[in-house]
There are 2 protein chains.
Amino acid sequence: MGTKERRDREREALREEILAAARELFIREGYERVSMRRIAEKIEYSPTTIYLYFRDKSEILNEICEQTFAKLARTLERIEARDLDPLEKLREGCRAYIRFGMRNRHQYRLALMVSGESLEGAFDATYEGSMGERAFGFLLHGVERCQAAGIFSVGEAAVASQVLWAAVHGVTSLLITLGDGDFPLIEKNRLIEETIGTVIRGLMKGRG
Amino acid sequence: MGTKERRDREREALREEILAAARELFIREGYERVSMRRIAEKIEYSPTTIYLYFRDKSEILNEICEQTFAKLARTLERIEARDLDPLEKLREGCRAYIRFGMRNRHQYRLALMVSGESLEGAFDATYEGSMGERAFGFLLHGVERCQAAGIFSVGEAAVASQVLWAAVHGVTSLLITLGDGDFPLIEKNRLIEETIGTVIRGLMKGRG
DNA sequence: TTCATCTGCTTAACACTGTAAAGTAGCTAA
DNA sequence: TTAGCTACTTTACAGTGTTAAGCAGATGAA
């Protein structure tokens with residue numbers, strides 16, 4: 001009597017289908033511009049069906065964001081596993097973070113540039129155990145390693161890594177919002193490299 | 001025959017009233033959460049009257065943002081006029097910038113964290129001659145002064161000041177979105193001071 | 001003073017939005 | 001065979017930004 005099992009499978013399949021449709025639309029056009037009706041149309045179900053699978057629109061977004069940030073976490077863990085000196089490893093991580101933000105601009109924005117207000121409860125996923133924690137953990141770990149290696153001046157690693165994060169997030173955010181606006185930003189890669197370089201230099205030992 | 005003059009005055013007065021109502025609502029609740037009907041209700045006119053004074057909702061926002069950023073520009077120019085050594089003047093400007101962002105979170109977000117997409121044409125004001133230009137000009141000037149004084153290593157000032165901007169914007173943006181979320185950010189002022197300090201140290205001469 | 005025009009505003013309406021409640025086929029188990 | 005449940009749809013609500021049409025009163029010309 002595998003009928004329950006089959007139905008569970010079918011249910012999961014439709015849930016996945018909704019997520020896939022929403023993801024594609026969100027990435028192409030951004031969360032706010034995509035309506036529940038558009039998602040429904042894409043999967044050829046009535047709009048309210050979606051509510052049988054997700055509490056509301058923001059829950060769909062949350063799930064997608066979590067998946068996307070899991071990708072970032074994996075990328076960073078791959079860098080973590082590479083054989084690089086502490087400084088270069090940290091730099092590579094920062095580069096990967098910024099690239100990730102630019103490639104996933106819509107989701108990056110929703111997770112780190114919108115959430116908290118204006119968007120009802122978008123990405124309110126608790127931090128503990130989240131992908132965000134894993135991603136930030138990379139930075140923290142990288143900073144600690146540089147301190148242990150005598151490259152960075154010792155001190156609270158939490159402070160140093162949040163400073164680094166602020167800077168890295170700053171470039172990412174700036175490139176996302178002004179990337180092709182009319183503000184005369186210097187060349188993208190130049191800005192990225194110089195920012196990473198400057199902050200890391202500022203964290204280094206000696207001369208302070 | 002001052003009737004035309006009087007009507008122009010009245011027209012201007014209502015325009016001002018709309019702006020004042022919108023500003024208060026936007027600041028309290030954020031752009032997206034405030035509807036044209038709410039603004040209209042506040043000034044006791046019908047919703048469509050607003051369209052006789054502004055092309056659309058985003059034009060109201062633009063005007064308000066421009067005014068707000070003018071305040072930032074004035075604050076920075078007051079610092080510029082003070083008698084401080086180049087480094088401390090630059091630091092003071094950065095502090096003022098971040099404080100400004102936090103006090104005007106809604107408008108800061110709309111101008112620098114949303115614009116470009118998702119929000120139709122919000123704050124698409126051309127950069128040339130804008131308040132944004134004046135504000136960024138402060139940073140540029142401050143960096144040039146530090147280079148001239150032999151404190152910063154020489155190089156393209158545009159690069160250094162955009163790096164500094166990225167960092168300063170990064171803290172601001174992070175504090176706005178995560179300020180009272182559940183991410184365990186270190187204490188606000190600590191993060192602000194450390195970020196400014198670290199980036200400026202990274203821009204300094206010697207030890208590279 | 002009378003009348004046409006113009007000004008400034010309002011009412012009604014359109015095409016959307018996210019979402020809740022109620023209704024309805026068709027499968028399932030007794 | 002029938003009662004109930006599952007999965008979905010239809011309908012509806014209260015809201016959004018915005019446009020078009022209408023209308024009262026001030027204005028300028030005769």
Side-chain angles (χ1 to χ4, degrees), chain A residues 1-19 21-22 25-26 29-64 110 114-115 117-124, chain B residues 1-19 21-22 25-26 29-64 110 114-115 117-124:
Chain A
M1 154 147 333
T3 115
K4 187 179 180 305
E5 282 74 1
R6 190 207 58 207
R7 288 217 289 212
D8 280 0
R9 258 199 332 270
E10 282 172 359
R11 201 185 149 73
E12 193 49 41
L14 182 46
R15 211 187 126 89
E16 240 17 88
E17 211 179 325
I18 295 170
L19 278 174
L25 289 170
F26 288 174
E29 323 198 15
Y31 180 72
E32 298 94 335
R33 289 194 204 263
V34 173
S35 73
M36 295 299 261
R37 285 167 174 86
R38 289 263 314 281
I39 299 173
E41 201 177 322
K42 199 169 162 68
I43 57 167
E44 296 181 286
Y45 280 81
S46 88
T48 50
T49 298
I50 300 175
Y51 289 89
L52 302 169
Y53 293 82
F54 297 91
R55 192 163 29 75
D56 55 21
K57 198 186 171 191
S58 79
E59 197 179 86
I60 304 177
L61 177 67
N62 258 291
E63 207 123 332
I64 293 175
L110 290 164
V114 172
S115 144
E117 333 190 13
S118 83
L119 218 74
E120 206 59 43
F123 209 54
D124 55 352
Chain B
M1 152 139 341
T3 116
K4 186 179 182 305
E5 281 76 1
R6 190 207 59 208
R7 288 216 288 211
D8 280 2
R9 259 198 331 270
E10 283 171 0
R11 201 185 151 74
E12 192 48 40
L14 182 48
R15 210 188 128 88
E16 243 14 271
E17 210 179 326
I18 295 170
L19 278 175
L25 290 171
F26 287 174
E29 323 199 16
Y31 180 73
E32 297 93 336
R33 287 193 205 264
V34 173
S35 73
M36 295 299 261
R37 285 167 174 86
R38 291 262 315 281
I39 301 173
E41 202 176 321
K42 198 169 162 70
I43 57 167
E44 298 181 285
Y45 279 81
S46 87
T48 49
T49 299
I50 300 174
Y51 289 89
L52 302 169
Y53 293 82
F54 297 91
R55 191 162 28 77
D56 56 23
K57 199 186 172 192
S58 79
E59 196 181 84
I60 305 178
L61 176 68
N62 257 292
E63 206 124 332
I64 292 174
L110 290 165
V114 173
S115 143
E117 335 193 10
S118 85
L119 218 75
E120 206 58 43
F123 209 53
D124 55 350

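The shown structure was predicted, so the numbers you read here are calculated from the model rather than taken from an experiment. Residue numbering restarts at 1 for every chain, and letters A, B, ... go by the order of the sequence lines.
Atom CE of M36(B) is separated from atom P of dC16(C) by 19 Å (rounded to the nearest Å). In this structure, E17(B) places its CD atom 10 Å from P of dC9(C), rounding to the nearest Å. Distance OH (Y51(B)) to P (dG17(D)): 6 Å, rounded to an integer number of Å. In this structure, K57(A) atom NZ and dT16(D) atom P are separated by 16 Å, rounded to whole Å. Rounding to whole angstrom units, CD of residue E12(B) and C1' of dG8(C) are separated by 16 Å. Atom CG of D56(B) and atom C1' of dT19(D) are 13 Å apart (whole Å). Taking atom CD on E10(B) and atom P on dG25(D), their separation rounds to 16 Å, with Å as the unit. For R38(B) and dT16(D), the CZ to P distance is 8 Å, given to the nearest whole Å.
Counting all heavy atoms, side chain and backbone alike, A40(B) lies closest to I50(B) at N-CD1, 3.9 Å. F54(A) approaches E59(A) most closely through the heavy-atom pair CA-OE1, 3.5 Å. Here the shortest heavy-atom pairing between E29(A) and R38(A) reads OE2-NH2, 2.8 Å. Here the shortest heavy-atom pairing between Y31(A) and K57(A) reads O-NZ, 3.0 Å.
For dG18(C), its base sits under 3.5 Å from the side chain of R37(A) at one donor and acceptor pair at least.
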Could you pull out the protein-nucleic contacts involving nucleotides 7-10 of chain D (nitrogen or oxygen on both sides, under 3.5 Å)?
unit_1	atom_1	unit_2	atom_2	d
dC8(D)	OP2	Y53(A)	OH	2.6
dT9(D)	OP2	S46(A)	N	2.8
dT9(D)	OP2	S46(A)	OG	3.0
dT9(D)	OP2	T49(A)	OG1	2.4
dT10(D)	O4	T48(A)	OG1	2.8

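Side-chain atoms of Y53(B) never come within 3.5 Å of backbone atoms of I60(B) as a donor-acceptor pair (strictly under, hydrogens ignored).
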Evaluate the criterion side-chain contact (heavy atoms from CB on, under 4.5 Å) for residue pair R11(A) and R15(A); output intermediate values, then yes/no. CA-CA 6 Å; R11(A) 201 185 149 73; R15(A) 211 187 126 89; over 6 Å; no
